[in-house]
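Just so you know, these numbers come straight off a predicted model, no measurement behind them. We name chains A, B, ... by the order of the sequence lines, and we start the count at 1 in each one. Side chains included, hydrogens not; waters and symmetry mates left out as well; all remaining heavy atoms used.
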Number of protein chains: 2
Amino acid sequence: MGVIETAIDTIKQMIVDGELRPGQKLPIEKELADQLGIARNTLREAVRALIAMRVLQTRQGDGTYVTSLSPALLLDGMSFVADIHQHAGAGEFLHVRRILEAEATALAAVRIPDEHLVVLGNLLEEAERLAAAPEIDHGKLVALDQDFHSLITSHCGNAVLAAVIQNMSGRTIRARIWRGMTDPQAVQRTLGEHRAVYQALLARDPERARIHAAMHVLGVEESLPDFASGSLGTTAPPLPS
Amino acid sequence: MGVIETAIDTIKQMIVDGELRPGQKLPIEKELADQLGIARNTLREAVRALIAMRVLQTRQGDGTYVTSLSPALLLDGMSFVADIHQHAGAGEFLHVRRILEAEATALAAVRIPDEHLVVLGNLLEEAERLAAAPEIDHGKLVALDQDFHSLITSHCGNAVLAAVIQNMSGRTIRARIWRGMTDPQAVQRTLGEHRAVYQALLARDPERARIHAAMHVLGVEESLPDFASGSLGTTAPPLPS
DNA sequence: AATCCATATTCATCGGATCAATTGGAGCTG
DNA sequence: CAGCTCCAATTGATCCGATGAATATGGATT
């Protein structure tokens with residue numbers, strides 16, 4: 001195993017063992033490099049890899065810190081995966097999102113506080129106002145859509161579940177879906193589904209919430225142009241070996 | 001935004017735009033660094049970050065290549081997240097796994113080929129033989145357990161779903177669960193659940209498969225010592241700001 | 001006590017040098 | 001010609017040292 005990979009694993013292990021705790025500051029580069037017996041450049045590459053995994057975070061002029069390590073943070077690199085597969089794999093990501101969001105919405109029905117239900121209602125009204133305008137601002141609709149869903153799923157009582165859902169539809173896909181709704185009727189139908197979910201939450205009815213949430217995501221899936229394409233497994237040319 | 005982050009995004013974008021395709025070889029470091037107007041060391045840090053995301057892959061003496069970019073590959077960094085939260089968050093990961101595995105098993109019931117059902121049966125028999133031995137080899141049981149589940153979920157028809165499930169219980173958690181089964185009866189019960197899932201698949205009955213799969217993961221969840229701890233949201237000291 | 005500023009600390013970036021693994025072709029052998 | 005060995009070119013891996021840029025710190029000033 002290469003020197004860099006060894007360094008990455010060493011730092012990882014220090015975290016797993018509790019030797020490095022969330023928020024803690026690491027020794028300065030020169031010192032840590034000496035301690036690991038590697039050059040500073042090499043250590044920097046290891047640190048850069050851990051930064052990409054959201055495990056470490058650097059602040060120029062200050063130091064290198066362990067992040068909060070919260071599931072939401074560590075899992076949010078996944079959205080990039082969804083973005084890369086925006087073409088062929090969008091349906092597969094949405095299917096996973098449908099499964100999870102149905103469950104999370106049901107869980108949220110008995111957990112979301114009243115004041116957040118009020119916020120949800122406001123989001124809905126704003127979206128409906130936007131959709132009624134002569135010139136539809138798709139960018140704002142996408143943002144409101146994301147706020148609506150993440151506010152619900154964040155109250156499912158499971159941070160991992162919420163984080164995975166959040167990342168199962170990257171920004172690119174979400175934007176593409178709304179941009180694809182050239183038909184005003186499609187926008188109206190989508191907002192109607194949102195309202196149905198909202199009503200189920202107001203009624204504190206998990207089963208209604210689950211079904212409406214599933215129905216909503218399914219509607220999105222079926223609106224995808226390449227919905228029927230059951231292409232599985234990305235085909236890639238093998239590496240020369 | 002720093003020079004390195006810019007370089008990372010540039011390379012990412014080249015991939016999203018199709019300028020770089022899976023399996024393709026990148027220009028040599030010196031050349032690519034010049035092309036991006038950065039130093040070779042700096043480029044290496046960007047490449048190292050993309051390696052950590054499983055987007056790139058380097059082979060000393062050969063070159064740097066774009067990976068297959070398959071969801072299974074890109075999502076497999078998630079298992080590290082599960083490993084870090086082996087203590088407090090194991091239950092949350094298992095809950096997600098339960099939701100997804102129930103669905104995936106149901107889907108697999110009508111998709112898995114007959115010859116793989118035979119393999120499943122063999123895995124089961126081998127596990128039961130191991131469990132009957134006077135000295136139980138937990139390591140092999142963990143491996144068989146993983147093979148059993150991944151063989152099923154890999155036939156759900158959705159590569160993303162299979163990959164997410166695969167990573168929702170990292171090796172550490174899985175090992176801890178089986179190691180925790182000091183009670184021979186617990187091992188037997190778990191294997192019995194496996195067999196129930198297997199029978200449902202043999203019968204090509206999605207609903208039976210779904211329920212038995214959910215029951216199985218739930219059994220694992222409830223066997224966790226800290227099952228009742230509903231601790232949500234990792235608490236971390238804020239960064240100095 | 002609050003603010004401002006010079007200085008030290010620390011990460012960011014650069015340029016070059018050497019080591020190590022792989023590749024591909026030259027040359028040899030049968 | 002087929003197959004092998006071996007050497008040189010290619011290319012990433014690692015190291016070293018230097019400079020730039022952002023932040024923190026502590027003293028001076030008001």
| Contact nearer the 5' end of DNA chain C, comparing A:N41 with A:G63 |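 Counting from the 5' end, the first nearest nucleotide belongs to A:G63.
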Between [N] atom [atom2] and [X] atom [atom1], what is the distance in whole Å?
| X | N | atom1 | atom2 | answer |
| --- | --- | --- | --- | --- |
| A:D62 | D:dA21 | CG | P | 19 Å |
| A:Q57 | D:dT23 | CD | P | 12 Å |
| A:I51 | C:dT13 | CD1 | C1' | 14 Å |
| B:E29 | C:dA20 | CD | C1' | 13 Å |
| B:I28 | C:dT22 | CD1 | P | 18 Å |
| B:Y65 | D:dT10 | OH | C1' | 11 Å |
| B:I4 | D:dA22 | CD1 | P | 14 Å |
| A:E5 | D:dT14 | CD | C1' | 13 Å |

| query | B:L36 and B:A7: which non-hydrogen atoms are nearest, and at how many Å? | reply |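 Nearest heavy atoms, B:L36 then B:A7: CD1-CB, 4.4 Å.
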| NZ/NE/NH1/NH2 to OD/OE distance under 4.0 Å, A:D62 and A:K25 |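 Judged by the 4.0 Å cut-off on N to carboxylate O distance, A:D62 and A:K25 do form a salt bridge.
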Check whether any side-chain nitrogen or oxygen of [X] sits under 4.0 Å from OP1 or OP2 of [N], and answer yes or no.
| X | N | answer |
| --- | --- | --- |
| B:T64 | D:dT11 | no |
| A:T42 | D:dA13 | no |
| B:R44 | D:dA13 | yes |
| A:R59 | D:dA24 | yes |
| A:R40 | D:dT14 | no |

| field | base_contact_polar (D:dA13 base, B:Q60 side chain, donor-acceptor, <3.5 Å) | value |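 Absent.
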| field | A:F93 and A:H85 aromatic ring geometry - parallel, tilted or perpendicular at 30°/60° bounds | value |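 Because their plane-to-plane angle lies in the 30° to 60° range, the rings of A:H85 and A:F93 count as tilted.
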| task | Take the angle between the ring planes of A:F148 and A:H194 and call it parallel below 30°, perpendicular above 60°, tilted in between. | result |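 Because their plane-to-plane angle is under 30°, the rings of A:F148 and A:H194 count as parallel.
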| request: Please tell me which of A:G37 and A:G61 maps to the more 5' nucleotide of DNA chain D, matching each residue to the nucleotide holding its nearest heavy atom. | output: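 Per heavy-atom nearest nucleotide, the more 5' residue is A:G37.
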| message | Taking B:A159's backbone N and O only, do any of them form a donor-acceptor pair with A:E92's side chain (distance below 3.5 Å, no angle check)? | response |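 Indeed, once roles are kept as given, a pair shorter than 3.5 Å links the two residues.
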